[in-house]
Trainee: 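My structure is below; once you've seen it, I'll send some questions.
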Amino acid sequence: AALGADPIKVAGIHDASGGLDIYGKPMIACLEFAVDEVNAAGGLLGRPVELINYDPQSNIQLYTQFATQAATKDRVAVVHGGITSASREAIRPILRRFNTLYFYNTQYEGGVCDRNCFCTGSTPAQNVQKLIPYILEKWGKKVYVVAADYNYGQITAKWITKYTREGGGQVLAADFFPLDVTNFGPAISKIQAAKPDAVVSALVGGAHVSFYRQWAAAGMKKQIPMASTTFGDGSETVLLSPEENDGIIAAFSWFQEIDNPANTAFLEKFHAKFGARVPYIPPELPMRTYIGFNLWAEGVRRAKSIDRMKVIAALESGIALDTPAGKTVLDPKTHHCTLDVFLASAYGHGFKVLQTFPQQPPLDTAMVCDLKAHPNTNQQFVVDVKI
């Protein structure tokens, strides 16, 4: 029946080229995989799902162009897209204006409060809050922060500072770098002079991978340990050698190495389909994209419609999915997720999982966002972390 019905159009807006393609390509593959799974099971509402992928080429102007095209020309039922917070904030107002449902499936700095938008990735109260206490106890109380110079890096640095101080530590300095910076020599010299107990990186994108190479080449990896809120998201463990990445600590809501039956089954099917194209699936973003699509699909099933407001109401009814990343529960008040968080250490060309924190709620965004009480809210709150 589905073969003869009009397809339900779904848009993916992810960077398949440009400096952010290290994140975008695995996200695209997982979105394609999720759509294929649904279609193989008969589609949605007796209709096939048609995926339209747009490549914004790591260009904000193209993000806005494609969001407009998806909403007005292609008339998609939902957009799954955006990697950086800058790209999200470029397209989120456009999709709201044109009444097109939006899923942002990326680990980010928290605070988005918009009834038209669902954020499925982990936030600082879920990941940074696990990472910082671990390194303070393991390595010492003096921390040096290096971060991307846009809203993700700036706000995440505040959360790192908050949790460091709460743990009795001190952030010696925080340095911020535009996404196109590739020379980190002066920054490494500053860190060396500051003599921290640990470095915490919130760097982003292909250019910033240079930091880890230069850090190891300078001999610093053997002197000062490192943790990161982003390392691995862009397949850094595949791009770098084990000598360059082993021992870097990260916290995400999914790693390929998680050992549970659902994850084992997912990996077997995914690698059978995309093995050569995505030999290793980096943490969080691809899996949250897979989960985000399935959350939307469950909303459509419950609503028995692709009508935006009916699907939103269904999504707010209390959806929980058992996924390869563990249980994911959609919070109606914030449109964020309660999810499992994993602490892991880079090892070889992947990770070794160290600790698991089940069912962590999005407490940071819950401090400022209640879409049940205030459904017309439409902004990103910068949570006051009192640094």
Side-chain angles (χ1 to χ4, degrees), residues 107 109 124-179 181-205 207-234 236-237 240-252 283 341 343-347 351-352 354-355 385-387:
Q107 163 242 347
E109 70 279 357
Q126 295 165 312
N127 51 50
V128 181
Q129 195 275 333
K130 303 299 177 290
L131 186 66
I132 298 303
Y134 180 86
I135 69 167
L136 293 179
E137 182 177 346
K138 183 178 178 66
W139 295 328
K141 304 293 188 180
K142 294 186 294 182
V143 172
Y144 198 109
V145 179
V146 291
D149 192 12
Y150 69 101
N151 45 0
Y152 172 75
Q154 295 281 353
I155 297 170
T156 299
K158 292 183 178 181
W159 284 104
I160 293 169
T161 301
K162 169 185 167 64
Y163 292 127
T164 299
R165 290 183 178 175
E166 288 180 358
Q170 175 190 5
V171 171
L172 301 178
D175 291 343
F176 299 94
F177 304 92
L179 294 183
V181 167
T182 58
N183 179 15
F184 291 93
I188 291 171
S189 296
K190 285 177 63 179
I191 297 169
Q192 192 170 18
K195 298 181 179 178
D197 296 316
V199 172
V200 180
S201 162
L203 297 171
V204 172
H208 285 182
V209 175
S210 301
F211 173 78
Y212 304 104
R213 287 200 177 100
Q214 292 165 30
W215 180 258
M220 296 302 296
K221 188 170 178 295
K222 297 178 181 178
Q223 299 180 36
I224 302 172
M226 185 178 301
S228 176
T229 65
T230 51
F231 185 85
D233 257 345
E236 287 89 347
T237 58
L240 300 172
S241 69
E243 292 75 22
E244 291 168 323
N245 67 47
D246 274 7
I248 297 176
I249 305 294
F252 293 112
V341 173
L343 199 66
S345 175
Y347 180 75
F351 282 91
K352 183 186 296 182
L354 304 173
Q355 295 182 19
V385 296
K386 294 182 172 61
I387 66 168

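One is the number of the first residue; the rest follow in order along the sequence.
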Trainee: Which residue is it: I135, I248, I191? I am looking for the one with a side-chain contact (heavy atoms from CB on, under 4.5 Å) to V199.
Mentor: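 So, applying the side-chain contact (heavy atoms from CB on, under 4.5 Å) to V199 and each of I135, I248, I191, only I191 qualifies.
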Trainee: Any idea which heavy atoms bring P283 and F252 closest together, and the distance?
Mentor: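 Shortest heavy-atom contact: CB-CD1, 3.4 Å.
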Trainee: Applying the ring-ring contact (aromatic ring centres under 6.0 Å, His included) criterion to H208, which one of W215, F176, F184 satisfies it?
Mentor: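 Going through W215, F176, F184 one by one, the ring-ring contact (aromatic ring centres under 6.0 Å, His included) with H208 is satisfied by F184 alone.
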Trainee: Check whether any side-chain heavy atom of L203 sits under 4.5 Å from a side-chain heavy atom of Y212, and report yes or no.
Mentor: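 The answer is yes; the side chains approach within 4.5 Å.
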Trainee: Would Y152 and T230 count as having a side-chain donor-acceptor pair, cut-off 3.5 Å?
Mentor: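 Side chains of Y152 and T230: no pair found under 3.5 Å.
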Trainee: Would you give the length of the straight line joining atom CD of Q154 to atom OG1 of T156, rounded to the nearest 0.5 angstrom?
Mentor: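 Nearest 0.5 Å value for the CD-OG1 distance: 10.0 Å.
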Trainee: Between atom CD1 of I188 and atom CG of N183, what is the distance when rounded to the nearest 0.5 Å?
Mentor: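 So the gap between those two atoms works out to 8.5 Å.
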Trainee: Between the side chain of Q107 and the main-chain N/O of T229, is any donor-acceptor distance below 3.5 Å?
Mentor: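 A pair under 3.5 Å: yes.
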Trainee: Count the heavy atoms belonging to other residues, nucleotides or ligands that lie under 6.0 Å from CD of Q355, then report whether that count exceeds 12.
Mentor: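 It does: Q355 CD has more than 12 such atoms within range.
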Trainee: State, with a plain yes or no, whether a side-chain heavy atom of E109 is found less than 4.5 Å away from one of N151.
Mentor: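 Yes; the side chains approach each other to less than 4.5 Å.
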Trainee: Provide the closest heavy-atom pair for Y163 versus A125 in the form atom of the first, atom of the second, distance.
Mentor: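 That closest heavy-atom pairing would be OH-CA, 3.4 Å.
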Trainee: With no hydrogens and no angle check, is any side-chain donor or acceptor of N127 less than 3.5 Å from a backbone partner on A251?
Mentor: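 Answer holds: no.
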Trainee: For K141, does the NZ atom sit with more than 12 other heavy atoms under 6.0 Å from it, leaving out its own atoms?
Mentor: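 Yes, NZ of K141 has more than 12 neighbouring heavy atoms, counting only those of other groups under 6.0 Å.
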Trainee: Which heavy atom of T164 sits nearest to which heavy atom of L136, and what is that distance?
Mentor: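 Distance-wise, the nearest heavy atoms are O-CD1, 3.7 Å.
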Trainee: Of all the heavy-atom pairs spanning L172 and K142, show the shortest one and how long it is.
Mentor: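 Closest heavy-atom pair between L172 and K142: CD1-CB, 4.1 Å.
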Trainee: NZ/K138 to CG/D197 distance, rounded to the nearest 0.5 angstrom?
Mentor: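 Here the rounded value is 13.5 Å.
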Trainee: Would you give the length of the straight line joining atom OG1 of T161 to atom CD of Q170, rounded to the nearest 0.5 angstrom?
Mentor: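 These two atoms lie 10.5 Å from each other.
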Trainee: When you measure from the side chain of K221 to the backbone of G247, do you find a donor-acceptor pair of N or O atoms at a distance under 3.5 Å?
Mentor: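 No; zero donor-acceptor contacts below 3.5 Å.
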Trainee: So do the side chains of F231 and T237 get within less than 4.5 Å of each other, counting heavy atoms only?
Mentor: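 Yes - at least one pair of side-chain heavy atoms lies under 4.5 Å apart.
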Trainee: A side-chain contact here means heavy atoms from C-beta on lying under 4.5 Å apart; do I224 and Y144 qualify?
Mentor: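 Of all side-chain heavy-atom pairs linking Y144 with I224, none is under 4.5 Å.
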Trainee: With a 3.5 Å distance limit and no angle check, can you tell me whether D175 reaches the backbone of V146 through a side-chain donor-acceptor pair?
Mentor: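 Not a single qualifying donor-acceptor pair exists.
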Trainee: My understanding is that only one of K158, E166, R165 makes a side-chain contact (heavy atoms from CB on, under 4.5 Å) with K162; could you say which?
Mentor: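 Option passing the side-chain contact (heavy atoms from CB on, under 4.5 Å) with K162: E166.
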Trainee: What's the separation between atom CE in M220 and atom OG in S189, rounded to the nearest 0.5 Å?
Mentor: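 The CE atom of M220 sits 9.0 Å away from the OG atom of S189.
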Trainee: Do F177 and F211 have their ring centres less than 6.0 Å from each other?
Mentor: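 No, they do not, as the ring centres are separated by 6.0 Å or more.
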Trainee: Could you grab the distance from atom OH of Y134 to atom CD1 of I249, nearest 0.5 Å is fine?
Mentor: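 Answer rounded to 0.5 Å: 5.0 Å.
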Trainee: For a side-chain contact (heavy atoms from CB on, under 4.5 Å) check, start with the C-alpha distance between V181 and D149, then their side-chain angles and the critical distance, and finish with the verdict.
Mentor: CA-CA 10 Å; V181 167; D149 192 12; over 6 Å; no
Trainee: What heavy-atom pair brings A147 and G153 nearest, and what distance separates the two atoms?
Mentor: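 Residues A147 and G153, closest heavy atoms: CB-O, 3.8 Å.
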Trainee: What are the two closest heavy atoms between G185 and Q214, and how far apart are they?
Mentor: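 Closest approach of G185 to Q214: N-OE1, 3.6 Å.
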